[in-house]
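Worksheet for the structure shown next.
Below, all heavy atoms of this structure are taken into account, side chains as well, without hydrogens, waters or symmetry copies.
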Amino acid sequence: MPENRKTNFIRQGTILAMASIIVRMIGIVYRIPVANIIGDEGNGIYGAAYEIYNLALILSSYSLPLAVSKLLSAQLANKNYRTGKKIFAASFIFSCISGGIMALLIFFGAGFIEKHFYSNFTGISIPLRVLAITIFVVALLGTLRGFFQARKTMIPTAISQVLEQIINAAGSIFFAWSFIRGHAESEVVAGWGAAGSTMGTLLGAATGLFFLVFIYIIYRPTVNSQLRRDKSVDDTTYFEIYKMLIATIIPVILGQTVYQLSGVIDSMMFSKLATGDSVSTLYGVYSTKYKLLVNVPIAIASAMASSLIPTLVAAFTKGDKHGMKKKIAVSIKVNMIIAFPCAFGLTALGSPIVRMLFPSSDYKLGGYLLAAGSVAVIFYALSTVTNAALQGINLMRKPVQHAAISLVIHVVLIFILLKFTKLGIYSLVIGNVTYPLVVCVLNAISVERHIHYHQEYRTTFIVPAIASAVMGACAYLIYRVGYATVHSNVIACLLSIVVAVVVYFVLILLLGGLTESDLPDFPMGMRIGRVAKKLHLM
């Protein structure tokens, strides 16, 4: 196989990863004014509503991009374009039905959910009704994204994600301000503020959908040309396609549902078991300051996993075991080289970063939460990639089983911590670390057992960990010295981040974490190599 095809999935993953970084950066930037507009209570309501929304999305349509990508890429690998067209059509119909049903359930059941499960989050039914409409839009959007991912081009998905987030940002700020202003005298003003923010989510999803429909219309001549050249006999019925679709979707739904249930259960147990009058406010700090920032590097792992699955399916279909192992190894290594410095950086600079981004809120608690729980970045990155590996080699049930085992442990642990300790919101942080840890350990065992994959440890884990630890210490010292000198948190924080990036880049090369032979497999690897040689680091 030509080298450019071997590493194409890394380049496609880089495109999605860069889009994810841009999306997350926009997300952080717009959440700053929104958080200041709706306050910690509004953020708590928004965060809890979003947990329910994500669970509903998973049950209805979250798995569609992966399912469409997996089934369609298998047919395209064998040039069965007619069957591929049927799979896409069946998936689109499925998304309309599943997304529509879930949207109606959430829209009309929002009041019931607030009354019986979220009584401490007064007004949560308002944003839930807005998010219900979004569920239907996202279902259609997911099918189109899966179509383009199956064709091993992540550019349409990447652009749609960026456009979606730009509109989301503008809409969230405008409608949050507008709803807060228009309902200032309401007893549920925080709920209206959260609803304003979710209006941006709806408008953003609609924008992404319109863009992909436009790209699909442009791309249709290519699809029609492939169909005319396809001389294969298509005897696959729609009934068989729906069976394959459901067989692919259900394990993913179960696995992701189990994962998302951890967040929903966390918010529900915290609402019921936590004491004091500031339950929604504390949860707002957790969901906005901690989870928002931790999810930025995790998004990179999700992007790499999305690009891994189609190429892994193609290698699995052709029986290329060496190709499968190489793709898994490269994906894990890329993610660990990114995840380790992110985790150590958030630990060292948690409070300064939160203070820089959210100066008018409780930045001290947010910083403490980050320092305590940023290691979750590493475990989530590893569990996400190994989930994709298991799905790509057709072990769809394994991630479900592992997630279920981890969820049971997670629920028991969170209940004990909330009921019998005074850890409070830190209980959720501990659970957010232990859940992916259990999953990634079980996933790693299964991958090694089923394809005899042996993980390389030195350059994948040990070197990034050492380089990140030194980087974190340098970043902390630079921040302390910088702040003492200029008395500006923003300047000291930005300076320490720049120094941290340089220190990590130098150390990862000097310690042999990246070699010249590795660089072609890495995002912007050749550029890194040229810079490293000029600096005599390689």
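Here the closest heavy-atom approach between residue Ala389 and residue Val447 is recorded as CB-CG2, 4.4 Å. Counting all heavy atoms, side chain and backbone alike, Cys493 lies closest to Ile353 at SG-CG1, 3.9 Å. The heavy-atom pair separating Pro436 from Ala376 by the smallest distance is CG-O, 4.5 Å. Taking all atoms of both residues into account, the shortest heavy-atom contact from Met356 to Val490 is CG-CG2, 4.0 Å. Nearest heavy-atom pair across Val377 and Cys342 is CG1-CB, 4.3 Å. Minimum heavy-atom separation, Met471 to Ala500: CG-O, 3.2 Å.
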**Request:** Report the C-alpha distance between Leu495 and Ile478 in whole Å, list the side-chain angles of each, state the deciding distance to 0.1 Å, and finish with yes or no for side chain to side chain contact (heavy atoms under 4.5 Å, CB included).
**Result:** CA-CA 8 Å; Leu495 177 63; Ile478 292 295; 4.0 Å; yes

**Item:** Candidate pair Gln401 and Leu442, rule side chain to side chain contact (heavy atoms under 4.5 Å, CB included), full reasoning
**Value:** CA-CA 9 Å; Gln401 295 168 355; Leu442 295 175; over 6 Å; no

**Asked** Given the rule in the side chain to side chain contact (heavy atoms under 4.5 Å, CB included) test, do Asn443 and Lys398 qualify, once you have shown the distances and angles that lead to the verdict?
**Response** CA-CA 8 Å; Asn443 283 357; Lys398 287 297 180 181; 5.7 Å; no

**Request:** Evaluate the side chain to side chain contact (heavy atoms under 4.5 Å, CB included) criterion for residues Leu349 and Ile497: first the C-alpha distance (whole Å), next the side-chain angles of each, then the deciding distance (0.1 Å), finally the verdict.
**Result:** CA-CA 9 Å; Leu349 299 174; Ile497 290 172; 4.0 Å; yes

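Here the CG-CG distance, from Asp266 to Leu428, works out to 5.0 Å after rounding to the nearest 0.5 Å. With values rounded to the nearest 0.5 angstrom, Phe175 atom CZ is found 12.5 Å from Ile37 atom CD1. The line from CD1 of Ile332 to CZ of Phe461 is 6.0 Å long, rounded to the nearest 0.5 Å. Summarising the geometry, atom CG belonging to Leu57 is positioned 13.5 Å from atom CD1 belonging to Ile52; distances are rounded to the nearest 0.5 Å. Here Ser351 contributes atom OG and Tyr368 contributes atom OH; the two are 6.0 Å apart, rounded to the nearest 0.5 Å. The structure places NZ of Lys325 at 7.0 Å from NE2 of His452, a figure rounded to the nearest 0.5 Å.
No donor-acceptor pair under 3.5 Å is formed between the side chain of Ser172 and the backbone N or O of Ala169. Side-chain atoms of His402 do not come within 3.5 Å of backbone N or O of Val439 as any donor-acceptor pair. Between the side chain of Tyr426 and the backbone N or O of Gly373 there is no donor-acceptor pair closer than 3.5 Å. Listed for the Ser197 side chain is no donor-acceptor partner under 3.5 Å among the backbone atoms of Ala194. Between the side chain of Thr386 and the main chain of Ser383, a donor-acceptor pair closer than 3.5 Å is present. Under a 3.5 Å cut-off, the side chain of Glu164 and the backbone N or O of Asn168 do not form any donor-acceptor pair. Although no hydrogens or angles enter the test, the distance criterion places a donor-acceptor pair under 3.5 Å between the side chain of Ser406 and the main chain of Tyr435.
A 4.5 Å side-chain heavy-atom check between Tyr479 and Asn489 finds at least one atom pair inside the cut-off. Residues Pro464 and Tyr504 meet the side-chain proximity criterion, which asks for heavy atoms closer than 4.5 Å. Looking at Val285 and Ile425, their side chains never come closer than 4.5 Å, going by heavy atoms from C-beta outward. With a 4.5 Å cut-off on side-chain heavy atoms, Glu51 and Met268 do not count as touching. Tyr290 places none of its side-chain heavy atoms less than 4.5 Å from the side chain of Leu365. Side-chain contact between Phe270 and Leu282 is present, with heavy atoms from C-beta onward closer than 4.5 Å. Proximity of Met199 to Phe174: side-chain heavy atoms (C-beta onward) are nowhere separated by under 4.5 Å. Considering only heavy atoms from C-beta on, Ile430 comes within 4.5 Å of Leu423 through its side chain.
A side chain to side chain contact (heavy atoms under 4.5 Å, CB included) with Ser427 is found for one member of Asn432, Leu418, Ile416 and no other, namely Leu418.
The neighbour count for Tyr476 OH, taken as heavy atoms of other residues, nucleotides or ligands under 6.0 Å away, does not exceed 12.
Annotation: side-chain hydrogen bond (donor to acceptor under 3.5 Å, both in side chains) contacts of Tyr453 (sequence neighbours excluded): Gln455.
No hydrogens or angles considered: nothing links the side chains of Tyr283 and Asn43 as a donor-acceptor pair under 3.5 Å.
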